[in-house]
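Just so it is clear, the model here is predicted, and its values are computed rather than measured. Whatever order the structure lists ligands and atoms in, that order sets their numbers, starting from 1.
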Amino acid sequence: MKRAALTNIFLGIMAMFMTLAIFRSATSSGKDLLEMNTREDSLIIARELSRFEGLINRSMEDVKIMMSDMPAPRSTRETIPTVYVITPTYKRYEQIPELTRLGQTLLNVPKLHWIVADDAKDNNLEVISLLKTLGMPYTYLLTPMPEKFHEPKYKVKPKGVANRNGAINWIRLHATEGVFYFADDDNTYDIRLFEEIRYTKKVSMLPVGLLTHYGLSTPVVKNGKFFGWYDGWIANRHYPIDMASFAVSVPFFLTRPKAKMPYSPGYEETGFLDSLNITMNDVEFVADNCTKIYVWHTKTVKNYASSRDILQAKWNDTNLRDLQKVMMIKRKE
Ligand code: UGA
Ligand code: MN
């Protein structure tokens, strides 16, 4: 009897020790996890924390990590270089949705000036109204494609060229510092891209996702040095990269008074970079030596014009009359 009781006590003490040991290892692995937090993880924590502030009790150490990921205070922000984002656009059913999405992405970027260059002859009031609503610094330009490219013999059109040349001319006249970047209205941008390019000295380059059957277009970097190009369509292009792959410093651009984009479909990027008269030694490989994708060459499916049903008299004095103003309606056959 006595022996059995002693064994029970012994077993009980053992069980207590084991529980304690398991508990210790659980808490220490929890700590390891915290210490292993990457910058991305701490950003998530920071976001979570701001949501549940006061509910989560974390150590000061974590708070330090989080503070470093917070946006800089306004006074510091104002001294950072401006990012001029140049967006060619043109009227179509998807234009306002695309510009809404892009504009709201850009709203998250400090010290940004959006140059929206419209392939149009007259002001597009919808676009201007959107720009006003967004409330960021912007410039709206009318930069129509030259008439001759609308002739049928030009089957492949130089899309966005008049727009981009108009915008860089504006930069020549109005900008003195910062960097510019060509951001088509239909691509998808991670806002980290803008911090990568902000301090560009001459030209910076970075990978673009979802391009051709290669799924990617990027300069190839080996041991931190330029090695070649990875792009599904090298052709005879000197710089076989996409429009979204590079950014140019404004002060550097101002030393190249002849730089402009050629009206040659498919060769706009390489032609423009050639006109900057650079060598690969002038190029910085950003996005962690081109190991990160911060922009994707997404495409939007083509949509249809609204049918003329909306014009029927039975809809008079309803909300449809308001909605109709912002819609593109099928023409009478
Ligand atoms: C690809 C490249 O990513 C473009 O930068 C390049 O201009 C184009 O090919 C080309 O070489 O022609 P892709 O997706 O095929 O782009 O072209 P879109 O997205 O249809 O057009 C590029 C930009 O030009 C867009 O921002 C678009 O809004 C604008 N665009 C397009 C015009 O301003 N006018 C047009 O008639 C068509
Ligand atoms: Mn596109």
Student: I need the contact type for Glu98 against ligand 1. Using non-hydrogen atoms and a strict under-4.0 Å cut-off, is it side chain, backbone, both or neither?
Tutor: neither
Student: Should we count CG of Asp322 as having more than 12 external heavy atoms under 6.0 Å?
Tutor: yes
Student: Which atoms of ligand 1 are found less than 4.0 Å from any heavy atom of Asp185?
Tutor: 25 (C), 26 (O), 27 (C), 28 (O)
Student: My question is simple, although I want it checked carefully: is atom 19 (O) of ligand 1 less than 4.0 angstrom from any protein heavy atom?
Tutor: yes
Student: Measure from the Mn ion (ligand 2) to each N, O or S atom of Asp185 and report whether any distance is below 2.8 Å.
Tutor: no
Student: Find all atoms of ligand 1 within a distance of less than 4.0 Å from any non-hydrogen atom belonging to Met243, and give their numbers and elements.
Tutor: 5 (O)
Student: Got a sec, which residues hit salt bridge (Lys or Arg N to Asp or Glu O under 4.0 Å) with Asp274, two or more places apart in sequence or on another chain?
Tutor: none
Student: Below 4.0 angstrom from a heavy atom of Asp242, which ligand 1 atoms are there? Numbered from 1 as shown, please.
Tutor: 2 (C), 3 (O)
Student: Among Asp184, Thr89, Leu99, Thr298, which one puts a heavy atom closest to atom 4 (C) of ligand 1?
Tutor: Asp184
Student: Identify which one of Tyr230, Trp229, Trp233 satisfies the ring-ring contact (aromatic ring centres under 6.0 Å, His included) criterion when paired with Tyr214.
Tutor: Tyr230
Student: For Gly266, take its heavy atoms, then give the atoms of ligand 1 lying under 4.0 Å from any of them.
Tutor: 11 (O)
Student: Test His113 against every option in Tyr140, Phe180, Trp170 by the ring-ring contact (aromatic ring centres under 6.0 Å, His included) rule and name the one that passes.
Tutor: Trp170
Student: Taking 4.0 angstrom as the limit and counting only heavy atoms of Met145, give me the atoms of ligand 1 inside it, by number and element.
Tutor: 36 (O)
Student: Suppose we measure from atom 1 (C) of ligand 1 to each protein heavy atom; which comes out shortest, and what is that distance?
Tutor: His297 NE2, 3.8 Å
Student: Flag the pair Lys91 and Asp118 as a salt bridge only when some basic side-chain nitrogen lies within less than 4.0 angstrom of an acidic carboxylate oxygen.
Tutor: no
Student: I want to know if ligand 1 touches Pro88 in the polar sense, i.e. an N/O pair below 3.5 angstrom.
Tutor: yes
Student: Test side chain to side chain contact (heavy atoms under 4.5 Å, CB included) on Phe246 and Phe272; report intermediate values, then the result.
Tutor: CA-CA 11 Å; Phe246 61 91; Phe272 176 70; 3.8 Å; yes
Student: Leu141 and Ala167: which non-hydrogen atoms are nearest, and at how many Å?
Tutor: CD1-CA, 3.7 Å
Student: Quick one: are Met327 and Ile310 in side-chain contact, heavy atoms under 4.5 Å?
Tutor: yes
Student: Which residue supplies the protein heavy atom nearest to atom 33 (O) of ligand 1, what is that atom called, and how far is it?
Tutor: Asn163 ND2, 3.0 Å
Student: Name the closest protein heavy atom to atom 30 (N) of ligand 1, giving the residue it belongs to and the distance to 0.1 Å.
Tutor: Tyr90 CD2, 3.4 Å
Student: Taking both backbone and side-chain atoms of Lys299, is any N or O found less than 3.5 Å from an N or O belonging to ligand 1?
Tutor: no
Student: With a 4.0 Å cut-off on N to O distance, would you call Glu147 and Lys121 a salt bridge?
Tutor: yes
Student: Determine, for Arg192 against Glu195, whether the closest basic-nitrogen to carboxylate-oxygen distance falls under 4.0 angstrom.
Tutor: no
Student: So which protein heavy atom does atom 6 (C) of ligand 1 come closest to, and at what separation?
Tutor: Arg164 NH2, 3.9 Å
Student: Is the contact between Asp186 and ligand 1 made by the side chain, the backbone, both, or neither, using heavy atoms and a 4.0 Å cut-off?
Tutor: side chain
Student: Taking just the N, O or S atoms of Asp186, which one is nearest to the Mn ion (ligand 2)?
Tutor: OD2
Student: Out of all atoms in ligand 1, which are within 4.0 Å of some heavy atom of Asp119? Include the element for each.
Tutor: 32 (C), 33 (O), 34 (N), 35 (C), 36 (O)
Student: Would you mind telling me if ligand 1 is within reach of the side chain of Asn187, the backbone, both or neither, using heavy atoms under 4.0 Å?
Tutor: neither
Student: Among all protein heavy atoms in this structure, tell me which lies nearest to atom 10 (C) of ligand 1, with the distance rounded to 0.1 Å.
Tutor: Glu268 OE2, 3.5 Å
Student: Give me the residue, atom name and distance of the protein heavy atom closest to atom 8 (C) of ligand 1.
Tutor: Lys159 CE, 4.0 Å
Student: Check Leu273, Val286, Thr218 against Met205 for a side chain to side chain contact (heavy atoms under 4.5 Å, CB included) and give me the one that passes.
Tutor: Leu273
Student: Looking at the rings of Tyr304 and Tyr93, which for Trp means the six-membered one, are their centres under 6.0 Å apart?
Tutor: no
Student: Donor-acceptor pair, Arg164 side chain versus Ala162 backbone, under 3.5 Å?
Tutor: no
